[in-house]
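For reference, the structure is listed below as C-alpha cells.
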Number of protein chains: 2
Amino acid sequence: MSSFGKIASLRHPVAINLADRPSASACEDCGARHLGLCDALSDEELVFLSSAAHRMTLPTGRLFLEEGDAAQFFYNVNSGTVRLFKALPDGRRQITGFAGPGHFIGLAATDMNVVSAETMEPVQLCRFSRAGMRAMFEEYPALERKLLDVAMHELVLSQQQMLLLGRKTALERIASFLLSWAQRQENCNTGKLPRPNAKLTLPLSRTDLADYLGLTIETVSRSLSALKKEGLIEIPNIHEVVLLRPQALENIAEAAN
Amino acid sequence: MSSFGKIASLRHPVAINLADRPSASACEDCGARHLGLCDALSDEELVFLSSAAHRMTLPTGRLFLEEGDAAQFFYNVNSGTVRLFKALPDGRRQITGFAGPGHFIGLAATDMNVVSAETMEPVQLCRFSRAGMRAMFEEYPALERKLLDVAMHELVLSQQQMLLLGRKTALERIASFLLSWAQRQENCNTGKLPRPNAKLTLPLSRTDLADYLGLTIETVSRSLSALKKEGLIEIPNIHEVVLLRPQALENIAEAAN
DNA sequence: GGATCGCACTGATCCATATCAAAAGCAGCA
DNA sequence: TGCTGCTTTTGATATGGATCAGTGCGATCC
C-alpha cells in the first residue's frame with residue numbers, strides 16, 4: 001500500500017477509518033486526505049487496530065454516551081455529527097463541542113464519562129474498548145502520539161470557548177461561532193478568514209446553538225437577524241448562512257476597534 | 001533508588017521535579033507523593049530529561065509566555081502559582097486556568113502560544129524546548145503517556161468550566177469555585193466533598209477570581225458576602241475562606257433542588 | 001500616629017440578555 | 001388545500017449582573 005504525506009498539524013480534523021480503510025479518500029471540501037491515524041501506522045498495526053474496533057451506525061437523536069456512566073469505550077466518528085454536552089439537574093445544558101468525521105469522543109474521561117454524547121444526524125462510528133487502550137499504546141506508540149495531538153488541539157479550542165463564554169457579548173459570540181464553523185467546514189482550519197460569500201451548512205438547531213454559546217434561542221435569533229440587517233450575512237434557510245463580509249464579522253468577533 | 005507506587009489516575013496534580021528529584025516527598029496536605037513523571041521513568045531516563053530542562057525562578061507578576069508569540073518552550077511548575085489567560089484587544093480578560101506545583105504550561109500550543117502565562121507569586125519552573133519534544137517522545141514513550149493523561153485531565157476541567165461560564169449563576173459559580181479549589185488543595189482531587197470547616201488559601205485577588213469566573217469583582221464580592229451571611233462560609237481575611245457547610249455549597253453549585 | 005495607596009466591600013442605577021407572549025414560517029399528512 | 005404541530009422570529013417586559021460612585025480597611029511609609 002502506498003504511503004501518504006505526513007500530516008503536519010491537527011488543523012484538519014483527524015480521521016481514522018480503521019474498520020474501513022479503503023474509504024479514506026480526498027476530502028470533497030478541501031482536497032486534503034483525512035487519514036490521521038492511518039497515516040502514522042504501518043499496515044500491520046492497522047489490521048490489529050481494525051480488529052479492535054467495532055463499527056456502528058446510529059440514527060438521529062441517539063444518546064449513546066451519558067455523563068456519569070462508566071466509561072467503557074471511546075469512539076471515532078466516521079460520518080455525521082455528534083453533540084457533546086453537560087447538563088445541570090434543572091435542565092440547563094451546555095454543549096461543550098461538536099464531533100464530526102475524524103473526531104474522537106470519550107477520550108477525556110476518567111473512569112466515568114464527564115460529558116454526554118448524542119447524534120444530531122445519522123452517524124457512523126468506530127468503537128474502541130478503553131480497557132484495551134493502554135495495551136494498544138504499548139504496542140503502537142504512534143496511536144498515543146496522535147491522541148496527544150488531538151487532545152492538545154481540543155484544549156486549544158476549549159480555551160477559545162472559555163473566552164467566548166466568559167467575556168464576549170451575544171453578537172460577538174455569534175460572529176465568532178460563524179467564523180469558527182466556517183474554518184471547520186471550509187478551509188479545514190487553515191487559520192485564514194473564509195472568502196466573502198462562503199456558504200455555511202449548520203446541522204445545528206437554534207437550541208443547539210444557544211446551548212453551545214451560553215445564550216437563549218431568542219437572543220441567538222435576534223443576533224443573527226441583526227447581522228443580516230447590517231448586511232454581514234444572508235440566511236437563505238434555517239440550515240444555511242452565507243458570510244457576505246467575513247472581515248466585518250472578524251472585527252466583531254475579536255472586538256477589534 | 002527505591003521504586004514508588006504507581007499513580008492510578010491524574011486526580012492528583014502530576015509533579016515532576018526533574019532538576020531536583022530529591023525534593024520529591026510526601027505532600028504535607030494529603031500524604032500522596034507528587035512524583036508523576038518521575039514515577040513513570042527510570043533513573044537513567046530521568047538523568048537525560050534533567051539535562052534537557054532548564055530550571056528557572058521568576059518573581060511575582062512576571063508575564064513569561066504571551067499569546068501569539070512563537071511557542072518555543074513548555075514548562076513544568078515546581079512551586080508557586082501561575083495564571084493562564086486569554087485577552088481581547090479592549091482589555092477584557094478570561095483566565096482559563098491556574099497552574100500550581102506539578103502542572104504543565106504551554107502544551108496546548110501549535111506553533112504559537114494560545115494563552116498567556118503570568119506568575120501570581122514567586123515561581124520555580126523547569127523549562128523544556130518544544131523542538132526537542134518529539135525526539136524525547138521517541139526515546140521515552142512514558143513521557144508521552146504522562147502528557148496524554150495530563151491533557152485529558154485538563155480537558156475534563158475545561159468542560160466543567162464551560163458549563164460554569166455558559167450556564168451557571170453568579171452564586172453557583174462562586175460555590176463551584178470554592179469546592180473545586182478545595183479539591184485542588186485539600187484532598188488532592190479525590191472527588192469527595194471537603195470536610196466541614198475546611199480552610200482554603202486563595203492566592204488569587206478578587207480580580208483574578210472575577211476573570212476566572214466570567215464575573216465582575218463587585219459581583220464576586222457580593223456573592224461571597226451572601227454566602228457568608230447565610231452561614232455557609234467564613235472569610236477570616238482576603239486570602240482565606242472557611243467552608244462551614246460544604247454540602248450546602250455543593251447543593252448550590254450543582255443546582256440540586 | 002497620621003498620610004497615602006491599593007484593594008475590597010456596599011449601595012444606587014442601568015442595561016444586555018432572559019423571560020414571557022404571540023405571530024410567522026414550514027414540514028408532514030390527510 | 002388546509003390542518004397540525006413544531007421551530008423560528010419578533011415584540012414587550014423583567015431582571016441578574018454590570019456599571020458607576022462612594023466608603024471602608026489594612027499595609028507601607030514617614
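Note that the coordinates shown come from a computational prediction; the quantities given were computed from them, not determined experimentally. Proteins get letters first, then strands, A, B, ... in listed order; numbering begins at 1 in each. Only this structure's heavy atoms are used, side chains among them; waters, hydrogens and symmetry mates stay out.
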What's the CG-C1' distance between A:Leu224 and D:dT8, to the nearest Å?
11 Å

Please check if atom CD in A:Glu230 has more than 12 non-hydrogen atoms from other residues, nucleotides or ligands closer than 6.0 Å.
no

B:Asn237 CG to C:dG6 P, straight-line distance once rounded to whole Å:
21 Å

Once you round it to whole Å, what is the distance between C1' of C:dA16 and CD of A:Glu172?
12 Å

What is the distance from atom CG of A:Leu165 to atom CE of A:Met162, rounded to the nearest 0.5 Å?
9.0 Å

So, is A:Arg206 close to the D:dT9 phosphate, meaning a side-chain N or O under 4.0 Å from OP1 or OP2?
yes

Without decimals, in angstroms, what is the distance between A:Arg173 CZ and C:dA16 P?
14 Å

Taking the six-membered ring for Trp, are A:Phe74 and A:Phe104 parallel (under 30°), tilted (30 to 60°) or perpendicular (over 60°)?
tilted

A:Gln183 side chain to A:Lys192 backbone, donor-acceptor under 3.5 Å
yes

Are the ring centres of B:Tyr75 and B:Phe64 closer than 6.0 Å?
yes

Between A:Thr219 and A:Ile238, who's closer to the 5' end of DNA chain C by nearest nucleotide?
A:Thr219

From C-beta outward on B:Ser205, which listed nucleotide comes closest to its side chain: C:dA8, D:dT9, D:dA18?
C:dA8

Please state how far atom CZ in A:Arg222 lies from atom C1' in C:dT17, giving the value in whole angstrom units.
9 Å

Measure CD/A:Glu218 against C1'/C:dA21 and give the value in whole Å, please.
10 Å

Grab the CD1-P distance between B:Ile235 and C:dC7 for me, whole Å please.
19 Å

Taking the side chain of A:Ser225 as heavy atoms from C-beta outward, which of C:dC9, C:dG11, D:dT9 is closest to it?
D:dT9

d(NZ, A:Lys168; P, C:dA16) in whole Å:
18 Å

Can a side chain N or O of B:Thr207 be found less than 4.0 Å away from OP1 or OP2 on C:dC7?
no

Which residue, A:His239 or A:Arg167, contacts DNA chain D at a nucleotide closer to its 5' end, judged by nearest heavy atom?
A:His239

Is A:Thr216 close enough to C:dA18 that one of its side-chain N or O atoms is under 4.0 Å from OP1 or OP2 there?
yes

